[in-house]
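Notes follow the structure.
The chains referred to below are lettered A, B, ... by the order of the sequence lines, with proteins before strands, and numbering in each begins at 1.
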2 protein chains.
Amino acid sequence: MARTNEKVGSLPVGEPAAHTPASAAAGIAGAIGMLEGRWKLEILFHLFGGQVRRFSELERAIPAVSQKMLIQQLRQLEQDGIVARRVYPEVPPRVEYWLTDWGQSLCPALDALLQWAERREGRAGAG
Amino acid sequence: MARTNEKVGSLPVGEPAAHTPASAAAGIAGAIGMLEGRWKLEILFHLFGGQVRRFSELERAIPAVSQKMLIQQLRQLEQDGIVARRVYPEVPPRVEYWLTDWGQSLCPALDALLQWAERREGRAGAG
DNA sequence: CGGCATCCCCGAGGATACTG
DNA sequence: CAGTATCCTCGGGGATGCCG
């Protein structure tokens, strides 16, 4: 988010696991940012597992979304390298969407988050 | 998000791992929602590892945040059961914040997300 | 069928000032 | 020091209409 330039002190460059609270937060914020649109997660879950869907299929699968939003979120996901898109130069037009390998690899991370959310039951905490 | 009432068909109730695309998305959206405030992640990373911080410490640790925002996000995290709060009835006032056990358990999930984000480099994808 | 453009609403988040 | 109240900005996202 704002200001990632709070340089770390003396780091052995090359180690990918070195983070300040700010840089770690920034990295995750970036990841979450890519997932933030109101419909992106739902889109992703319709695409996980190598599924290929055309625009109208997604539209039907997510009834509450508007065309504009669906396109917008799809394009953002595409731009972020999470989903891939293919246009068939036919008439009537056909466009298909699916997950990139990197996009697919989001699944476990999302699953971890879901597990965490569901683990909430016994949230006695550390009070 | 909108409409979680798209009931699943015939599920063996009791299995916690059964999700429709919509319900999985909703669950993760809930988790992400708790993390969404602009400062929450940064707050979390200052609290991970059992650290206890008082309000003014967090304020100094996150210079760009306003009092209002810091309090608001802290309170939301508290309400969600992620952070705990303790007020010392002294003067001048002192308030300390730390993560609940459940909050601490977010760390691996966040880490998975961070790993994923950093794995982006060779994002050739499944084009 | 799929996509872009326009207008509008609403709420998250910021700045500032005040209180106990 | 910690928290509250008020006001304002900004942009995400909804509705609608037109195009290839």
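Distances shown here put a side-chain N or O of A:Y97 below 4.0 Å from the OP1 or OP2 atom of C:dG3. Phosphate proximity of C:dG13 to B:Q73: present, with a side-chain N or O under 4.0 Å from OP1 or OP2. The shortest distance between the side-chain N/O atoms of B:R94 and the OP1/OP2 oxygens of D:dA2 is not below 4.0 Å. Listed pair B:R75 / D:dG3 meets the phosphate criterion, a side-chain N or O lying under 4.0 Å from OP1 or OP2. A sub-4.0 Å separation between OP1 or OP2 of C:dG2 and a side-chain N or O of A:R54 is present. In terms of phosphate contacts, A:W39 brings no side-chain nitrogen or oxygen within less than 4.0 Å of OP1 or OP2 of D:dG13. At least one side-chain nitrogen or oxygen of B:S56 sits closer than 4.0 Å to the OP1 or OP2 atom of D:dA2.
Side-chain atoms of A:E42 do not come within 3.5 Å of backbone N or O of B:P21 as any donor-acceptor pair. Side chain of B:R120 to backbone of A:D80: a donor-acceptor contact under 3.5 angstrom is found. B:E57 places a side-chain N or O within 3.5 Å of a backbone atom of B:R54 that can act as its donor or acceptor partner.
In this model, no donor atom of one side chain and acceptor atom of the other lie less than 3.5 Å apart for B:R75 and B:Q73.
B:E59 has its CD atom 8 Å from the P atom of D:dC1, to the nearest Å. For B:R38 and D:dC10, the CZ to C1' distance is 11 Å, given to the nearest whole Å. Straight-line distance from the CE atom of A:M69 to the P atom of D:dG11: 15 Å, rounded to whole Å. As a whole-Å value, the separation of B:E90 CD from D:dG3 P is 13 Å. As rounded to whole Å, 8 Å separates atom P of D:dG12 from atom CD of A:Q76. The separation between A:L41 atom CG and D:dG13 atom P is 12 Å, rounded to whole Å. C:dG11 atom P lies 17 Å from atom CD of A:E36, rounded to whole Å. Atom pair B:L35:CG and C:dA12:P shows a separation of 16 Å (rounding to whole Å applied).
Residue B:Q67 is in base contact, counting any heavy-atom pair closer than 4.0 Å across all strands shown.
With hydrogens and angles left out, the side chain of A:K68 and the base of C:dG3 share no donor-acceptor pair within 3.5 Å.
Picking from D:dG3, C:dG20, C:dG3 the nucleotide with the shortest atom distance to the side chain of A:F55 gives C:dG3. For B:R85, taking side-chain heavy atoms from C-beta onward, the closest of the listed nucleotides C:dG13, D:dG3, C:dG20 is D:dG3. Nearest nucleotide to the B:V95 side chain, out of C:dG20, C:dG3, D:dG3: D:dG3.
Taking the six-membered ring where tryptophan is involved, the planes of A:F55 and A:Y97 are tilted, since the angle between them lies from 30° to 60°.
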